[in-house]
Amino acid sequence: MNELELKYGCNPNQKPSRIYMEDGSELPIKVLNGRPGYINFLDAFNGWQLVSELKKATGLPAATSFKHVSPAGAAVGLPLSDTLAKIYWVDDLGELSPLASAYARARGADRMSSFGDFISLSDVCDVDTAKLIKREVSDGVIAPGYEPEALEILKAKKKGNYNVIQIDPDYVPSPIEHKQVFGVTFEQGRNELKIDDDFFSNIVTENKKLTEQAKIDLAISMITLKYTQSNSVCFVKDGQAIGIGAGQQSRIHCTRLAGGKADNWWLRQSPQVMNLPFVDGIRRADRDNAIDLYMGDDYMDVLADDAWPAIFKEKPEVFTREAKREWLDKLTDVALGSDAFFPFGDNIERAHKSGVKYIAQPGGSVRDDNVIATCNKYDMVMSFTGIRLFHH
C-alpha cells in the first residue's frame with residue numbers, strides 16, 4: 001500500500017486528505033487499529049525520528065509524548081525512583097520495564113501538556129507499556145512492533161478506536177525533503193545531523209568539567225530540539241526532558257516557558273505537593289489540574305472556600321513564594337539545550353533559577369562574551385556546538 005486516505009487534514013474543512021509515497025513505493029507503516037488523522041501522522045513521524053535517535057545516542061529504550069507536532073516530553077528508559085513513580089502516578093504498577101519507564105517519564109514530566117498525546121516508542125511495545133498507556137488519555141501510539149497481549153490491550157482502548165501504528169524500523173527516507181506552502185514547493189536536504197559526545201567538545205566557559213551524565217542529558221536536549229517547533233529550549237535532568245519551550249518568537253520566552261515547566265516538575269516532588277490530601281475517587285485529569293493551580297499564582301482557584309472541599313479532604317496550606325523558592329534552590333545539575341544562539345545573558349540568568357549547570361547552544365551571537373561571562377558568574381559549563389537546529 002503506497003497511499004492511505006485520511007478523514008480530513010488539519011481541520012475538518014480541509015478535504016481531501018491522504019498520505020502517500022510519491023515514488024510509488026510502499027508506505028513504511030501499517031495501521032493496526034483505529035483511523036489516525038493528519039495531525040496524528042505528523043506527530044507519529046516526528047516522534048518516531050526523535051525516539052530512534054535517542055535510542056542510537058544512548059543505547060536505551062526511548063519514548064516521547066507529542067502534542068501538535070512538538071514533544072511535551074521525551075525520555076530514555078532509566079529506572080524510576082519512588083518519588084518519580086509517585087508523581088507520575090505509576091507507583092501502583094510495581095517495577096516497570098525500561099520502555100514503560102521511558103514513557104512514564106515522557107508522559108509525567110508535563111502531564112498538562114501530554115493530555116491527549118500521541119506516543120512514539122523506540123522498541124517493541126510490551127505489556128507493561130501498554131498497561132500504562134491504557135490508563136492515560138491519549139490519541140495513539142507508533143512503535144516498530146507490539147507484543148500480542150500488548151496489542152490486544154491497546155486495541156480495547158477508546159472503545160476499540162485507539163490509533164495503533166506499526167512502523168518499519170528499517171525504513172530510510174529520501175535524503176531530499178519537499179513540502180508545499182501556498183502552492184509553492186519547498187525543497188531541502190534532510191537534517192541528518194548526528195549528535196554524539198563530540199558534539200559538545202567546544203567548551204567556552206572557565207568551568208570545563210562536563211560529566212558523562214551531562215553529556216547524555218545534553219544529547220537528549222539537542223535531539224529533542226531537533227524535532228521541536230522553533231524557537232525552542234529544552235531542560236533535561238537524569239535522562240528526561242523536564243521542560244520544553246516550543247514555538248516562541250523570542251528566545252527568552254522559550255527559556256521562561258521551559259524553565260517554568262522544569263520548576264513545576266521539581267515542585268511536584270516537594271513534600272507539600274506530594275502530601276496533598278486529595279478526595280477519594282478524584283479523576284486523574286482533575287488532580288493534575290489542581291496540582292498545577294496549587295503550585296501557581298492562581299492557587300485560590302483550588303483553595304477558595306467554595307472550591308477546596310470538592311478536591312481535598314482538608315484545606316492545604318498555601319504554598320508560599322518563599323517556600324517554593326527554598327525548594328527550587330535544591331534543584332541542581334540540570335542540562336539545557338537551545339536550538340539557536342542565546343542573544344543575551346538574561347537567558348542564562350533565568351536558567352540559573354531552575355538549577356541549570358550545563359548548557360549547549362550554537363554560539364555566534366555578537367554578545368557571546370556577555371553570555372559566557374554570565375555562565376562564568378554561576379560556574380556553569382557551556383559548549384558551543386556551532387550547529388543550529390531549527391525545525392518548522
Side-chain angles (χ1 to χ4, degrees), residues 1-56 62-71 116-125 129-130 133 138-148 150-152 154-158 160-194 223 226-229 391-392:
M1 179 180 70
N2 73 343
E3 177 179 326
L4 180 62
E5 183 179 355
L6 306 178
K7 190 173 181 180
Y8 50 78
C10 284
N11 299 290
N13 64 295
Q14 293 179 269
K15 301 177 181 179
S17 178
R18 61 173 175 156
I19 60 171
Y20 66 102
M21 304 298 287
E22 281 189 316
D23 63 2
S25 63
E26 294 289 298
L27 282 165
I29 54 95
K30 294 179 181 177
V31 177
L32 304 183
N33 199 67
R35 189 179 179 186
Y38 191 97
I39 296 175
N40 294 149
F41 276 113
L42 289 176
D43 286 341
F45 292 142
N46 278 280
W48 168 249
Q49 293 176 85
L50 194 163
V51 296
S52 298
E53 291 193 31
L54 284 184
K55 176 71 179 286
K56 291 174 183 176
T64 186
S65 170
F66 256 68
K67 283 288 294 291
H68 295 291
V69 206
S70 280
D117 64 347
F118 206 96
I119 302 159
S120 296
L121 305 173
S122 66
D123 291 30
V124 172
C125 181
T129 308
I133 293 171
S138 170
D139 277 356
V141 58
I142 186 170
Y146 300 84
E147 293 181 356
L151 181 58
E152 292 308 309
L154 295 172
K155 288 172 71 172
K157 187 174 170 63
K158 294 183 73 170
N161 294 314
Y162 189 64
N163 295 313
V164 181
I165 303 171
Q166 181 172 335
I167 187 163
D168 177 1
D170 297 324
Y171 168 69
V172 177
S174 167
I176 302 296
E177 294 180 331
H178 301 88
K179 73 175 181 178
Q180 283 194 337
V181 178
F182 198 54
V184 178
T185 299
F186 289 64
E187 179 180 283
Q188 66 175 354
R190 276 180 48 79
N191 189 352
E192 301 284 8
L193 178 71
K194 183 180 179 182
I223 292 170
K226 191 177 173 186
Y227 298 102
T228 302
Q229 300 299 298
H391 180 65
H392 292 287

State, yes or no, whether a side-chain contact exists between [X] and [Y] at a heavy-atom distance under 4.5 Å.
| X | Y | value |
| --- | --- | --- |
| N163 | F118 | yes |
| S120 | L50 | no |
| I133 | Y162 | yes |
| L54 | S122 | no |
| I142 | F41 | no |
| S25 | N2 | no |
| N33 | L154 | no |

>> Nearest 0.5 angstrom please: L4 CG to I165 CD1, how far?
In response: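 That separation rounds to 9.0 Å.
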> How long is the gap from NZ on K15 to CG on L6, to the nearest 0.5 Å?
Replying inline: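 If we round to the nearest 0.5 Å, K15:NZ and L6:CG are 12.0 Å apart.
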Short side-chain to backbone donor-acceptor contact, [X] and [Y], under 3.5 Å:
| X | Y | answer |
| --- | --- | --- |
| K158 | G34 | no |
| D139 | D117 | no |
| S70 | Q229 | yes |

Which atom pair, heavy atoms only, marks the closest approach of [X] to [Y]?
| X | Y | answer |
| --- | --- | --- |
| K155 | L32 | CE-O, 4.3 Å |
| Y227 | F66 | O-CZ, 3.7 Å |
| N46 | L42 | ND2-O, 2.8 Å |
| D170 | D168 | N-OD1, 2.9 Å |
| W48 | S52 | O-OG, 2.8 Å |

> How far apart are the C-alpha atoms of Y38 and Q14, what are their side-chain angles, what is the distance that settles it, and do they pass the side chain to side chain donor-acceptor pair (under 3.5 Å) test?
Replying inline: CA-CA 10 Å; Y38 191 97; Q14 293 179 269; over 6 Å; no
> Got more than 12 heavy atoms from elsewhere within 6.0 Å of NE2, H391?
Replying inline: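 Yes, because the 6.0 Å sphere around NE2 of H391 holds more than 12 heavy atoms from other groups.
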>> Are more than 12 heavy atoms, taken from residues, nucleotides or ligands other than E5, located less than 6.0 Å from that residue's CD atom?
In response: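 Not buried by this count: 12 neighbours or fewer within 6.0 Å.
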>> Filter on salt bridge (charged side-chain N to carboxylate O under 4.0 Å, His left out), then keep only pairs touching residues 21-39, sequence neighbours left out; what's left?
In response: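 Applying salt bridge (charged side-chain N to carboxylate O under 4.0 Å, His left out) to every pair that reaches into residues 21-39, excluding sequence neighbours, yields nothing.
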>> Among residues at least two apart in sequence or on other chains, which ones pass side-chain hydrogen bond (donor to acceptor under 3.5 Å, both in side chains) with E177?
In response: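 Testing E177 for side-chain hydrogen bond (donor to acceptor under 3.5 Å, both in side chains), a comparison that skips the adjacent residues, returns Q188, R190.
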